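Below: one structure, written as structure tokens.
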Amino acid sequence: MQTFDVVVVGAGAAGLFCAGVAGQRGLKVLVLDHSAKVAEKVRISGGGRANFTNRDIDVRQPHKHFVGANPHFCRSALSRYTAADFIDLVQKHGIPFHEKHKGQLFCDRSAGDLIDMLLAECDAGGVDRRQPCGVQAVRLSADGGYELDTDQGPVQTAKLVIATGGLSIPAIGATDFGFRIARQFGLRTVEPRPGLVPLTFDGAAWAPYADLAGLALPVLIETGDKKNRIVFAEDLLFTHRGLSGPAVLQISSYWQAGTPIRINLAPEVDLPAALTEAKQRSRKLLANELAQWVPARLADAWVAQDPDWQRPVMECSDKALARLAERLARWELVPTGTEGYKKAEVTLGGVDTRDLSQQSMESKQPGLYFIGEVVDVTGWLGGYNFQWAWASAHACAMAL
């Protein structure tokens, strides 16, 4: 039976970073992962360039960009290990990066640079890594530590860190291991569901829009009402089965099944005024006029739905134009579901933060820690989830 100060299960962003920091602080650390490759989610993120953090995180109120039963939980870790701290590390390793928009930082070359950095940090801390190496069982040892039965023999440790992520993208090895361990030791979990995920619609109802697959445009998208209303200004993408793009991925984390989303397809234009003005001067078909403000394919699909709109704009009644403007500015539709975990970038829900310390990420079960995506903390699209991985990992490593 080999003995370690710390065993980290999960060689993703949070697990590797935690192991590296803990190892460099003098602890004997082992990282286990059932996949042959490390950090596959890092590798495929951001189109292969890893949107590794976001400059715009407000450490005084980081919960503005995070979802969970208690979004304030993440404040402590995020304020102690900030985006600036991680940027310093990236620069120390000489990794070139750029800002895309809205504070989103990406590697210039590829996400591989980031993975190499995490592995170099582990090497600097003398971390022992084993993979592929599955864990069959975890139990308490007589001295209050933990014993693990692994594919490469039994190990024991005083501290066990679970960094196994959520259920999203099973093709690269996602499992429910972390949730199972939490439940085994009597910790509460918040029911997981796909987050940052495309939305789908009923086949017949979606038929008028199915031919728009591949079309993208900037929109305002919202869901919820009154106190719970949330709005994003992002790009929308039509797909064969529904809607995707940053706008929809963002809203999906807040959307509740059975409720509508509302989309303004021409947020930059005062459509009622623009259409009234066009009626005074133009002999063009309404669809052709509309194509100034929304993509032509969308304009065609829209006017095809009402005979009152299939004529020159000057021949359209004021009522018909007002109806069109209203529908384009407030397209309300109820998704039938999502594309599920296979397309979800993250998992909402996870280990209940009421059972974790926001200072150390230690659970109510002494010596058992949870970090990263396995916890009920989910960030917006745009580098927020990676920053939670780094910050929760760092808070944990410092406490170990």
Side-chain angles (χ1 to χ4, degrees), residues 6 8-10 12-25 27 29 52-90 103 105 118 121 158-166 178-179 181-182 185 187-190 192 195 253-254 346-400:
V6 182
V8 178
V9 184
L16 289 176
F17 189 53
C18 179
V21 175
Q24 289 176 47
R25 288 170 62 78
L27 296 172
V29 182
F52 58 81
T53 193
N54 194 300
R55 277 194 208 276
D56 293 348
I57 293 178
D58 182 347
V59 293
R60 290 159 306 184
Q61 41 187 356
H63 56 279
K64 285 195 310 186
H65 298 121
F66 291 84
V67 188
N70 176 18
H72 292 270
F73 175 86
C74 63
R75 184 189 303 178
S76 175
L78 287 165
S79 62
R80 285 179 290 138
Y81 191 82
T82 65
D85 292 322
F86 192 74
I87 291 165
D88 286 347
L89 182 64
V90 168
L105 302 185
L118 293 170
E121 289 290 307
K159 312 274 186 179
L160 177 60
V161 179
I162 305 297
T164 47
F179 307 146
I181 294 296
F185 289 99
L187 306 176
R188 292 170 285 189
T189 57
V190 175
S253 294
Y254 293 88
V346 293
T347 302
L348 293 158
V351 179
D352 196 320
T353 55
R354 290 176 298 176
D355 289 349
L356 301 177
S357 158
Q358 58 184 308
Q359 267 69 47
S360 66
M361 309 306 294
E362 187 174 16
S363 70
K364 286 182 175 176
Q365 169 64 42
L368 179 62
Y369 301 72
F370 293 83
I371 59 175
E373 191 184 345
V374 73
V375 178
D376 179 31
V377 172
T378 304
W380 284 7
L381 192 70
Y384 296 97
N385 286 294
F386 272 133
Q387 187 56 37
W388 168 245
W390 317 134
S392 60
H394 193 269
C396 177
M398 299 304 278
L400 291 168

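Just so you know, these numbers come straight off a predicted model, no measurement behind them.
- Contact check for Trp380 versus Ile57: no side-chain heavy atoms found under the 4.5 Å cut-off.
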Inset, instruction - Show the numbers, then the answer: is there a side-chain contact (heavy atoms from CB on, under 4.5 Å) between Leu89 and Phe17? - result: CA-CA 11 Å; Leu89 182 64; Phe17 189 53; 3.6 Å; yes
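- Proximity of a side-chain donor or acceptor of Asn385 to a complementary backbone N or O of Gly379 within less than 3.5 Å is detected.
- The two residues Phe370 and Val375 have their closest heavy-atom pair at O-CG2, 3.6 Å.
- Between Gly68 and Pro71 the shortest heavy-atom distance is O-CD, 3.3 Å.
- Contact of the Pro192 side chain with the Phe179 side chain is registered, since non-hydrogen atoms from C-beta on lie closer than 4.5 Å.
- Summarising the geometry, atom CD belonging to Gln61 is positioned 8.0 Å from atom CZ belonging to Arg75; distances are rounded to the nearest 0.5 Å.
- To the nearest 0.5 Å, atoms CG (Leu78) and CG (Asp85) are separated by 11.0 Å.
- Side chains of Val161 and Met361 form no contact here, defined as non-hydrogen atoms less than 4.5 Å apart.
- Annotation: side-chain hydrogen bond (donor to acceptor under 3.5 Å, both in side chains) contacts of Thr353 (sequence neighbours excluded): none.
- Closest non-hydrogen pair, Val29 versus Ala19, comes out as CG1-CB, 3.8 Å.
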In residues 386-400, what donor-acceptor pairs under 3.5 Å come from side-chain atoms, sequence neighbours left out?
from, atom 1, to, atom 2, distance (Å)
Gln387, OE1, Thr53, OG1, 2.6
Gln387, NE2, Tyr81, O, 3.1
Gln387, NE2, Thr82, O, 3.3
Trp388, NE1, Gly372, O, 3.0
Trp390, NE1, Phe52, O, 2.9
Trp390, NE1, Phe386, O, 3.3
Ser392, OG, Gly372, N, 3.0
Ser392, OG, Trp388, O, 2.7
Ser392, OG, Ala389, O, 3.4

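- When every heavy atom of Gly349 is checked against every heavy atom of Thr378, the shortest pair comes out as N-OG1, 4.4 Å.
- Contact of the Glu121 side chain with the Val21 side chain is not registered, since no non-hydrogen atoms from C-beta on lie closer than 4.5 Å.
- In this structure, Glu362 CD and Lys159 NZ are separated by 5.5 Å, a value rounded to the nearest 0.5 Å.
- Rounding to the nearest 0.5 Å places CD1 of Ile162 at 9.5 Å from CD1 of Ile371.
- Between Val346 and Glu373, the closest side-chain pair of non-hydrogen atoms falls below 4.5 Å.
- At a threshold of 4.5 Å between non-hydrogen side-chain atoms, the residues Leu187 and Lys364 count as touching.
- Among all heavy-atom pairs drawn from Ser76 and Ser79, the shortest one is O-OG, 2.9 Å.
- Every residue was checked against the ring-ring contact (aromatic ring centres under 6.0 Å, His included) condition with Tyr369, not counting sequence neighbours, and none meets it.
- Between Val9 and Thr164 the shortest side-chain heavy-atom distance falls below 4.5 Å.
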Inset, instruction - Could you walk me through whether Ile181 and Leu368 pass the side-chain contact (heavy atoms from CB on, under 4.5 Å) test, one step at a time? - result: CA-CA 10 Å; Ile181 294 296; Leu368 179 62; 4.3 Å; yes
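- Taking CG of Asp355 as the reference point, atom CG of Asp376 lies at 11.0 Å (rounded to 0.5 Å).
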